[in-house]
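Worksheet: the structure to be examined is printed underneath.
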There are 2 protein chains.
Amino acid sequence: MNLDILRNERETRSFDADQVIFQAGEAGDCMYVVLEGQVELSVRGQVLERLGPGGVLGEMALIDREPRSASAITTSDTRLVPIRRDRFDALVQEDPEFSIQLMRVIVGRLRRMDQKI
Amino acid sequence: MNLDILRNERETRSFDADQVIFQAGEAGDCMYVVLEGQVELSVRGQVLERLGPGGVLGEMALIDREPRSASAITTSDTRLVPIRRDRFDALVQEDPEFSIQLMRVIVGRLRRMDQKI
């Protein structure tokens, strides 16, 4: 995701390496965009994706209100921009570019999964 | 997708059973919503999903401008609402509910794929 879209977000959260951001199966009310560092997304121990700056995680639980589908763990010192549900809802209402960029992220993931069939 | 969102679309396209709507690998400039009938989405001969009324197909190529990831074939007489790129772009700009419903469709697909890992 283009970090320009987050120009109005003021809060960041910092993690050391090897910290769990969220785990598969948990309820989730926040998505994150990576500002600095690296995050691994995994399902049942299999790494699906490594995210660097601009990478997006946790959006699925905001979109469909289902539990986290994957676990997210930092692999270096990492700084994230949290986007909670109320802010997410506002961005979707006010900024079509946010929505289209989020769709591109999810479609990218889906294409990578389709290639594994 | 809630068909109310398509209340302003005037055009429909009709297909007999066993017709190809699009094939994996083709370029695509149009998504479709099923009004009546049934469509199967498949990748390399494996059926991923059966869509009935309200089902959405072909949205990935509009979102990321990459080739069709799956093939779509009717399995009954089917009527679809086509949404071409210019109309898609307008809906994303003007109707946040269209975007969020589309995100739910894609996230649903991604969750089903994650469960296969």
Side-chain angles (χ1 to χ4, degrees), chain A residues 1-2 5 22-25 28 31 40-49 56-72 83 85-117, chain B residues 1-2 5 22-25 28 31 40-49 56-72 83 85-117:
Chain A
M1 174 166 286
N2 187 328
I5 288 184
F22 54 74
Q23 284 193 302
M31 62 171 272
E40 270 183 7
L41 299 180
S42 61
V43 171
R44 287 183 283 286
Q46 187 179 327
V47 175
L48 294 183
E49 205 169 340
V56 174
L57 57 152
E59 78 293 343
M60 290 170 67
L62 287 186
I63 291 167
D64 66 3
R65 296 173 183 260
E66 297 290 323
R68 299 293 192 196
S69 66
S71 297
I83 302 177
R85 182 175 300 284
D86 55 348
R87 186 67 191 132
F88 173 84
D89 290 343
L91 282 166
V92 169
Q93 290 298 321
E94 295 160 14
D95 189 350
E97 188 58 26
F98 175 77
S99 295
I100 193 78
Q101 289 207 19
L102 208 48
M103 287 186 219
R104 280 190 202 122
V105 167
I106 314 165
V107 164
R109 287 184 179 141
L110 193 48
R111 284 193 188 272
R112 280 190 291 278
M113 297 296 283
D114 283 347
Q115 283 163 3
K116 293 183 186 176
I117 290 175
Chain B
M1 173 164 288
N2 186 328
I5 288 183
F22 53 74
Q23 285 193 302
M31 61 172 272
E40 270 183 7
L41 299 180
S42 60
V43 171
R44 287 182 285 284
Q46 188 179 328
V47 175
L48 294 183
E49 205 170 342
V56 174
L57 57 152
E59 77 292 345
M60 291 169 66
L62 287 186
I63 292 167
D64 67 3
R65 296 175 182 259
E66 295 291 323
R68 300 293 191 194
S69 65
S71 297
I83 302 176
R85 182 175 301 283
D86 55 349
R87 186 66 189 134
F88 173 85
D89 290 343
L91 282 165
V92 169
Q93 291 298 320
E94 294 160 14
D95 189 352
E97 187 59 25
F98 175 76
S99 296
I100 192 77
Q101 289 208 18
L102 208 49
M103 286 186 219
R104 280 192 201 121
V105 167
I106 315 165
V107 164
R109 286 184 180 142
L110 192 48
R111 285 193 188 271
R112 281 190 290 278
M113 297 296 284
D114 283 346
Q115 283 163 4
K116 292 182 187 177
I117 290 175

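Chain letters run A, B, ... following the sequence lines, proteins first and then strands; every chain starts at 1.
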Discussion item. Need one label for F98(A): side chain, backbone, both or neither, based on atoms under 4.5 Å from any heavy atom in chain B.
Written reply: neither
Discussion item. Does any backbone or side-chain atom of E94(A) lie under 4.5 Å from a heavy atom of chain B? Answer side chain, backbone, both or neither.
Written reply: neither
Practice prompt. Against chain A, label E97(B) side chain, backbone, both or neither, depending on which of its atoms sit under 4.5 Å from a heavy atom there.
Written response: neither
Discussion item. At a 4.5 Å cut-off on heavy atoms, which part of Q46(B) comes close to chain A: side chain, backbone, both, or neither?
Written reply: side chain
Item to complete: Check whether more than 12 heavy atoms from other residues, nucleotides or ligands sit under 6.0 Å from atom CZ of R85(B), and answer yes or no.
Response: yes
Worksheet entry | Side chain to side chain, M60(A) and D114(B), heavy atoms closer than 4.5 Å | yes
Practice prompt. Check each of R112(B), R111(B), R104(B) against D64(A) using the salt bridge (Lys or Arg N to Asp or Glu O under 4.0 Å) test, and report the only one that passes.
Written response: R111(B)
[atom2] on [Y] to [atom1] on [X], rounded to 0.5 Å:
{"X": "K116(A)", "Y": "K116(B)", "atom1": "NZ", "atom2": "NZ", "value": "13.0 Å"}
{"X": "Q101(A)", "Y": "I63(B)", "atom1": "CD", "atom2": "CD1", "value": "12.5 Å"}
{"X": "M113(A)", "Y": "L48(B)", "atom1": "CE", "atom2": "CG", "value": "11.0 Å"}

Discussion item. Between A24(A), A70(A), S99(A), who has the most heavy-atom pairs with chain B when the cutoff is under 4.5 Å?
Written reply: S99(A)
